[in-house]
Amino acid sequence: MDINLIEKDNRIILKDVKNFEPKHIFECGQCFRWNREEDGSYTGVAYGKVLNVDKEGNDVIFSNTNKEDFEKIWYNYFDLGRDYDEIKLKLSKDETLRKAIEFGEGIRILRQDEWEILISFITSANNRIPMIKRALETLSERYGDFIEEYNGKKYYSFPTAEALNHLSVDDIKSCYTGFRGKYILSAANIVDNREIDIYAIKNVSTEDARKDLILFPGVGPKVADCIMLFSMNKPDAFPIDVWVKRVMEYFYLDEDTKLKDIQKYSQNRFGELAGFAQQYLFYYARELGIGKKK
DNA sequence: CGTCAGGTCTCTA
DNA sequence: TAGAGACCTGAC
């Protein structure tokens, strides 16, 4: 995407940006450490930096940053090199997706850190979003590094595998992780001891990456697909959570379709763009409560 | 008080 | 190989 950017006063302004809506990006279920401010902007931490993102008209404003970090971190993080017009055009041939895309037109898939996403989605299993956020924030406050205070709030980086590997299960459980604490510690152990190189998995095929990820305890097919989609640039991954299951059954399939059959159907129907379809459908389903039983 | 939430693990047939 | 139960925790 062509970027027309202005740098001033510790800000980067991207002029006339299409396919970029902070609410859609930060609330489509892919990230847990971005929070809405009173003015409607979002502040979050990624790659050890604090950033505030806002939109004014068609301009996107990144505050608390500079051109160097924009080029080094944020351009890639926000997937700004990808042509979302083309993706939307292809997916819009499907009538349900056309509506979902219209609804979440500003979604982009973030390119997040593999380790952080591994732990984040292990934490997400059978959990609620506010609880997941609280657990990850607590882990960061206690075991990450203090970065800076921004608008009166203190921000911490996500703890490293090494930092977590030094802890006991009870330390990790006391961060509201519940029964997932043992999985988190185990993942820290595996990554810190380099039994699995979490940063090399993206280099193998989606099918092989899924097999590698499932070796981590607490990682099943759904969490593996989240990790691949949200941190490994594998857009053919299609995580099926309760919302996606509901929306797929509601629009495309019978009730009580088995996960494996939904997986097959989606892969077949959406192919290389399945992950993007998943994001539009998830946001559409969750915001509208589609298929939710009373 | 049960139920349930961004699933996965364990055990059984 | 498939299906049932258990599982931290807290909000309803």
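Heavy atoms only: backbone and side chains are in, while hydrogens, waters and symmetry mates are out. Every value quoted in this text rests on a predicted model; they were computed, and no experiment measured them. Protein chains get the first letters and strands the later ones, always in sequence-line order, with residue 1 at the start of each.
- At B:dA5, one or more side-chain N or O atoms of A:R246 fall inside 4.0 Å of OP1 or OP2 (strictly under the cut-off).
- Hydrophobic clustering (side-chain heavy atoms under 4.5 Å, transitive across Ile, Leu, Val, Met, Phe, Trp, Tyr) keeps A:L136 apart from A:Y155.
- Residue contacts for A:P221: at a heavy-atom cut-off of 4.0 Å it reaches the sugar-phosphate backbone alone, with no base atom in range.
- Distance NZ (A:K222) to P (B:dA5): 13 Å, rounded to an integer number of Å.
- A salt bridge links A:E287 to A:K23: one of the charged nitrogens lies within less than 4.0 Å of a carboxylate oxygen.
- Of the possible polar contacts, one joining the A:S231 side chain to the A:I227 backbone as a donor-acceptor pair under 3.5 Å is found.
- Using bins of under 30°, 30° to 60° and over 60° for the plane-to-plane angle, the ring pair A:F78/A:W74 lands in the tilted bin.
- Note on A:N127: only backbone sugar-phosphate atoms sit closer than 4.0 angstrom, heavy atoms only; bases stay farther off.
- Within 3.5 Å, a donor on the side chain of A:R180 pairs with an acceptor on the base of C:dC8, or the reverse.
- Each of A:V223 and A:R128 was matched to the nucleotide of DNA chain B holding its nearest heavy atom; the match closer to the 5' end belongs to A:R128.
- Residue A:K133 is classed as having no contact, given no heavy-atom separation below 4.0 Å to the nucleic acid.
- For A:F179, taking side-chain heavy atoms from C-beta onward, the closest of the listed nucleotides C:dG10, B:dT8, C:dC8 is C:dC8.
- In DNA chain B, stems built from 3 or more consecutive Watson-Crick or G-U wobble pairs, each with both distances under 3.5 Å, span B:2-5 with C:9-12, B:7-13 with C:1-7.
- Between A:W34 and A:Y77, the two ring planes are tilted [angle within 30° to 60°].
- Comparing the same atom, P, in B:dT8 and in C:dG10 gives a spacing of 23 Å after rounding to whole Å.
- Looking at heavy atoms from C-beta onward, A:N64 lies out of side-chain contact with A:R11 at the 4.5 angstrom threshold.
- Using a 4.0 Å heavy-atom cutoff across all strands shown, A:I122 reaches no nucleic acid atom at all.
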Quick test: give all pairs of protein nitrogen or oxygen and nucleotides 9-13 of chain B nitrogen or oxygen below 3.5 Å, distance rounded to 0.1 Å.
residue: B:dC9; atom: OP1; partner: A:G218; partner atom: N; Å: 2.8

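- Relative ring orientation between A:Y84 and A:F276 is described as perpendicular, the plane-to-plane angle rising above 60° on a 0-90° scale split at 30° and 60°.
- Residues A:A188 and A:L164 approach most closely at CB-CB, 3.7 Å, considering heavy atoms.
- Across all strands, A:F32 comes closer than 4.0 Å to base atoms (heavy-atom distances).
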